[in-house]
Protein chains: 2
Amino acid sequence: MDYQSFCQQYQPSKKELFTQFYHFFKDKFSVKNERIAVEKLATIIEATFKLSANQSFANMSLRQLSKESGLSMGGLYAYIQNKQQLSLFIHEFLSYFVIKTINQVTNNKGCNNLECIIKTHIYLSELLQPWFFFAFMESKNLSRDEIKAAIQSDLLMESKLIEVIKCGQQEEIYSTILKAETVASLTKPLLSEWYLKRWKYKKRGMSIDQYCLAVMIFIERGLSSPHSLTELEQS
Amino acid sequence: MDYQSFCQQYQPSKKELFTQFYHFFKDKFSVKNERIAVEKLATIIEATFKLSANQSFANMSLRQLSKESGLSMGGLYAYIQNKQQLSLFIHEFLSYFVIKTINQVTNNKGCNNLECIIKTHIYLSELLQPWFFFAFMESKNLSRDEIKAAIQSDLLMESKLIEVIKCGQQEEIYSTILKAETVASLTKPLLSEWYLKRWKYKKRGMSIDQYCLAVMIFIERGLSSPHSLTELEQS
DNA sequence: GTCTATAGCCGGATAGAC
DNA sequence: GTCTATCCGGCTATAGAC
C-alpha cells in the first residue's frame, strides 16, 4: 500500500467529508437546507483552520472568522451555538472519522501488520492535516469529558500498535528488549511529527512515502531480533 | 552520565535560575531591588506556567495571573510591559539557557557522542519541563522575528545531532540507509515526547533514565550497520 | 514597590429586520 | 438563511494614592 492507492480507496472529497460532518451534528444546526449547510460549514471550518494555524483558536476572534468565511457574525451563529462548540465539533468529528477509517482499513485488508497500521495513520493525517494539527494544538482547551471523547482515536491507534507488536514478539519475530507499550509510545510522536512539521519535510523534498519508510526502518529495527537484522539490512 | 550526576553538575536552584533571568532582562524591569525582583519574577513565571498549562496562555487572563501570583494588577506591570512580553521573556530566556548549557556540557566533557547529546537534551527538558512545555505549545503566537530567535536552541540541537551522526557514518560505525538529517529529524520528536507527555511515563513508572535508554535503543539500532547489530544485541 | 480604581476597548452573543 | 445593530461583560493597561 502506498499513499496513492490509499487515497483512491479512502480519500473523501471535500463535499463528502462535510456532508458526513453535517449529518454527524445535524440537529445542532438551525440551517436545514443540506446543500447550503454543507457548503457553509466547509467554509467556516477551513477558515477556522487557517486563522488558528497562525495565532491559535483562543486568539482567533469570531469577527475575524466572519470576515474570513464571508459570513456575518449573526450568520455564523446559525451554525454554532458558541465559540467553544466550534472547537468541540472539530475534535469530535475528527475522532469519529479516524476511528471509522482505521476500522475500515484494518477490516477490509486483513491488514494486521505494523506497517499497515502506521501507514494508515500517517496517510490519514496527511489527508486531514489541518484537522490533526488543530486537534493536537487545541486539545488543552477541552473539558475533562471532552478530552476523554476526543482521545479515543488516539487510544485506538495505540492499542492496535501494542497488539500487533505483542503478537510479533510472541512469534519471536520481534525482540522483547523494549516492552510493546514502550515501542508504541515512542512510535506515536513519530506519527505526529509528520502533520506537525509537514512544511519542513515538504521543503526538504521528502515525500510521504519516503517518510513512512524512514519511520518503518526506525521501528522495525528497534524491534528486530538479532537473527532477523541481517535480512532486514539486505532488503 | 545519568540524571542524578547531570543534576549535580548543572541543575540551577530556583534562586539561581531566576537571578539569571533577572539579569538577562534587567533594564526592562522598573523594580530595581534584585532580591525582591528575583522572588517576584519566580512567582509570576511559575503562576504563568500553572495557569497556561490547563488553558493556554491566550486564555489566561492577567486577573487570574494576579490572583495566582499574589500580586495586584498594577504590581504585575512593574515586571512586564504587556501580556505578550511575558510570553516573550519565557521563550527568550529558555533559548538562551538551553544554548548555554548545551555548550557547557559538550565542551566540558568532551562529550561528542549521540548518547551524551540526547541525554543532555532530555535531562534539561526534565529540569525545565514547564519551560519546554510552554515554549512548545505557545510558539505559534510569536511574531516571525521572535520565532527565529526562539528556534535557535532547537537548531543548535539538531545541528549537533547531525554532526555526530555524520561523523559516525563516515567512520562506518553507523549505517547510511537513512540520511543523517532524517535520523536527526526523527529523533527530535522522541525528545519532545518526554516533556510533552511526562505524566504518562511517570504514571507508568518509567524513570527518565529508562526513557533515555529506550530512545537510545531506537536510534542506535536505526543507525546500526549490519556487523555492529549483533554486538548491540548482546550488550 | 505595590495597591486600588478606573478608563477604554474588544470580543462573544443576541434581537429583530429582511 | 443571512444581515445589521447593539448589548454587556471581561479584558488589558494606566493613573495616582500610599
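Letters A, B, ... are given to chains in the order of the sequence lines, protein chains preceding strands, and every chain is numbered from 1. None of the values given here were measured: they were computed from a predicted structure.
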Atom NZ of A:Lys67 and atom P of D:dT4: how far apart are they, to the nearest Å?
12 Å

Side chain proximity check, B:Lys50 to B:Met60, heavy atoms < 4.5 angstrom:
no

Grab the CG-P distance between A:Leu62 and C:dG12 for me, whole Å please.
4 Å

Quick check for you: among D:dT6, D:dT2, C:dG1, whose closest atom lies nearest to any side-chain atom of A:Val31?
D:dT2

Is there a donor in the side chain of B:Arg204 and an acceptor in the side chain of A:Ser185, or the other way round, less than 3.5 Å apart?
yes

Value in whole Å for how far the P atom of D:dT12 lies from CG of B:Asn82:
11 Å

State which of C:dC3, C:dT14, C:dG1 makes the closest approach to the side chain of B:Ser72.
C:dC3

With the side chain of A:Lys83 defined as its heavy atoms from C-beta on, choose the nearest nucleotide among D:dG1, C:dG12, C:dT2.
C:dG12

Do A:Glu193 and A:Tyr201 pair up side chain to side chain, a donor and an acceptor below 3.5 Å, judged on atom types alone?
yes

What nucleotide, of D:dT12, C:dT14, D:dT2, holds the atom closest to the side chain of A:Tyr77?
C:dT14

How long is the line joining CG of B:Leu76 and P of C:dG1, in whole Å?
16 Å

Side chain of B:Ile36, heavy atoms from C-beta onward: which of C:dT2, D:dT2, C:dA13 has the nearest atom to it?
C:dT2

Rounding to 0.5 Å, atoms CZ (A:Phe89) and NZ (A:Lys28) come to a distance of 5.0 Å

